[in-house]
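Working notes, beginning with the structure itself.
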Amino acid sequence: MKRNRIIFGITIIFPLLFFVMLFSKPATAQEKNWKELSVALEELIKSRDIDSAYTLTCDFLEHNPEHDTALATRMIYAVFTNQDPSLIAKDLEVYARVSDNDLTLAQGIIAIYIQQYKDKKAMELVEAVIPRYPDADTLYQLRGQLKALAADYKGSIEDLNKALKINPDNELAISLLSNSCFLNKDVKKAFEYVDRLISMKSSLAEKAVSTITNGNDWESEHLKQALALNDMPFIWEDSEESSLIFIDEETLEKRSWIEVIPFDSYEDAEERVKAEKDQLLEMGEPEENITVFSFGPFYFDQGCGDDKKCNESYAKLKDFLLNMKERRFKM
């Protein structure tokens, strides 16, 4: 969840170059030479010799500095040959004079950087191009994504909200906002953005819901907020290794408790539940009487005894967490 990345790879070179060539303005005087060079470039790319392809394209541009397709091609090759983003920014300035597709190309290059885990270079480029396109919601969206990848969740939320101010229907920005709010431990806002995707009937809603409801990235603060937001504002007694939950002052006084133990991973929590169940079954405990369960990295047990209020709340808590997708998001 913490590294949501746009999915691209080296195979993006061919479709992105096809897009560039499809919308390029013809450069008739140079077109024959470029077509001949394109054949050689294609063979180099097939053999994954991108360095040579980049060098050949640079040689061509020395004599034809405003050839739009060659400029676009060099910028794409520059990503895969680890060139400085400032060189791409300069090429974009020239490209903007000869093509209307400069913003689309810039966004594609930034997305490739992100997929290639070159976040610093992606940020350098997005910072360079945002002043030129102050009304491009996708650039703020990409910068917001990069800030989230750097764990700057507040900065991410700020940029993603800028994207939504420009384009309220930017579904990817809404999805990323849900993620950043969740990682910033603002469960209420995270839930609200997921609700918004659902109301839009967005194709991203299912993934956003699953990301939140599987519990794998939850911490204790997420759990406390989620329960409180869903009519379970319990009293918590926290210690280093576990927490005790009490329904209200009455159950606190009776010491009718629900125990929550956080583990490092959901696998560890599941393993603890399995071991506990196996031990109780070996001791002859009927399976229907075993109440331990896990959600994400949390292990749950209860010491309610015959306290009806405590037992009912434990059942409600278990039902909510294990069926959150249906209970909270109506999916």
Side-chain angles (χ1 to χ4, degrees), residues 1-9 79 82-86 88-89 92 103 106-197 202 204-205 207-226 229 262 264-265 296-297:
M1 183 173 182
K2 296 182 181 179
R3 295 192 70 80
N4 283 350
R5 293 185 177 273
I6 299 168
I7 304 302
F8 289 112
V79 175
N82 293 313
Q83 305 300 319
D84 194 286
S86 62
I88 298 175
L92 276 170
L103 176 58
Q107 292 167 168
I109 291 171
I110 294 164
I112 295 172
Y113 268 139
I114 294 174
Q115 193 278 334
Q116 294 284 313
Y117 289 80
K118 298 173 182 176
D119 298 348
K120 185 178 178 182
K121 290 187 175 183
M123 182 62 84
E124 287 179 30
L125 185 57
V126 79
E127 294 283 13
V129 298
I130 276 182
R132 203 179 311 153
Y133 310 101
D135 296 323
D137 62 304
T138 47
L139 289 179
Y140 291 106
Q141 168 205 303
L142 286 164
R143 190 168 71 177
Q145 183 181 8
L146 283 163
K147 287 181 179 180
L149 292 171
D152 177 11
Y153 304 123
K154 290 182 180 179
S156 171
I157 291 166
E158 183 181 346
D159 269 337
L160 292 168
N161 275 317
K162 286 179 182 177
L164 285 187
K165 188 174 181 180
I166 297 168
N167 177 13
D169 297 323
N170 186 326
E171 295 178 11
L172 184 52
I174 297 170
S175 178
L176 291 168
L177 258 171
S178 172
N179 184 63
S180 288
C181 286
F182 186 84
L183 293 170
N184 199 43
K185 296 184 174 63
D186 188 344
V187 174
K188 182 179 179 181
K189 279 291 185 183
F191 281 11
E192 286 175 0
Y193 285 119
V194 173
D195 287 337
R196 187 166 167 182
L197 287 174
S202 169
L204 300 175
K207 182 178 180 182
V209 169
S210 296
T211 298
I212 285 181
T213 59
N214 66 26
N216 294 347
D217 293 297
W218 285 45
E219 297 177 17
S220 294
E221 184 60 29
H222 296 110
L223 181 63
K224 291 178 182 180
Q225 288 186 38
L229 286 168
D264 291 335
S265 68

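FYI, the numbering just counts along the sequence from 1.
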[X] side chain vs [Y] backbone, donor-acceptor pair below 3.5 Å:
X      : Y      : result
His222 : Phe182 : yes
Ser156 : Gln145 : no
Asp84  : Ser86  : yes
Ser175 : Glu171 : no
Trp218 : Thr213 : no

Determine the minimum heavy-atom distance between [X] and [Y], stating which atoms define it.
X      : Y      : value
Ala122 : Tyr113 : CB-CB, 3.4 Å
Phe191 : Ala226 : CZ-CB, 4.4 Å
Leu160 : Gly144 : CG-CA, 4.1 Å
Pro297 : Gly215 : CD-O, 3.1 Å
Ile166 : Asp135 : CG2-O, 3.3 Å
Asp152 : Gly155 : OD1-N, 3.0 Å

Which distance, rounded to the nearest 0.5 Å, do you find between the [atom1] of [X] and the [atom2] of [Y]?
X      : Y      : atom1 : atom2 : answer
Leu172 : Asn167 : CG    : CG    : 11.0 Å
Leu125 : Leu139 : CG    : CG    : 9.0 Å
Leu176 : Cys181 : CG    : SG    : 11.0 Å
Asp159 : Lys154 : CG    : NZ    : 15.0 Å
Asn161 : Ile174 : CG    : CD1   : 10.5 Å
Leu177 : Tyr193 : CG    : OH    : 4.5 Å

Run the numbers on Asp186 and Ile157 for side chain to side chain contact (heavy atoms under 4.5 Å, CB included), then give the verdict.
-> CA-CA 11 Å; Asp186 188 344; Ile157 291 166; over 6 Å; no

Check the surroundings of atom CG in Asn82: do more than 12 heavy atoms from other residues, nucleotides or ligands lie under 6.0 Å from it?
-> yes

For Lys189, look at atom NZ and say whether over 12 heavy atoms of other residues, nucleotides or ligands are found less than 6.0 Å away.
->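 Atom NZ in Lys189 is not crowded, with 12 or fewer foreign heavy atoms closer than 6.0 Å.
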
Option among Val194, Asn179, Val187, Asp217 that satisfies the side chain to side chain contact (heavy atoms under 4.5 Å, CB included) test with Ile212 =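 When Val194, Asn179, Val187, Asp217 are each tested with Ile212, the side chain to side chain contact (heavy atoms under 4.5 Å, CB included) holds only for Val194.
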
Check whether the side chains of Gln225 and Glu221 place a donor and an acceptor atom closer than 3.5 Å, and report yes or no.
-> yes

Kindly state each residue pair satisfying side chain to side chain donor-acceptor pair (under 3.5 Å) with at least one member in residues 121-131, sequence neighbours excluded.
-> Glu127-Arg143

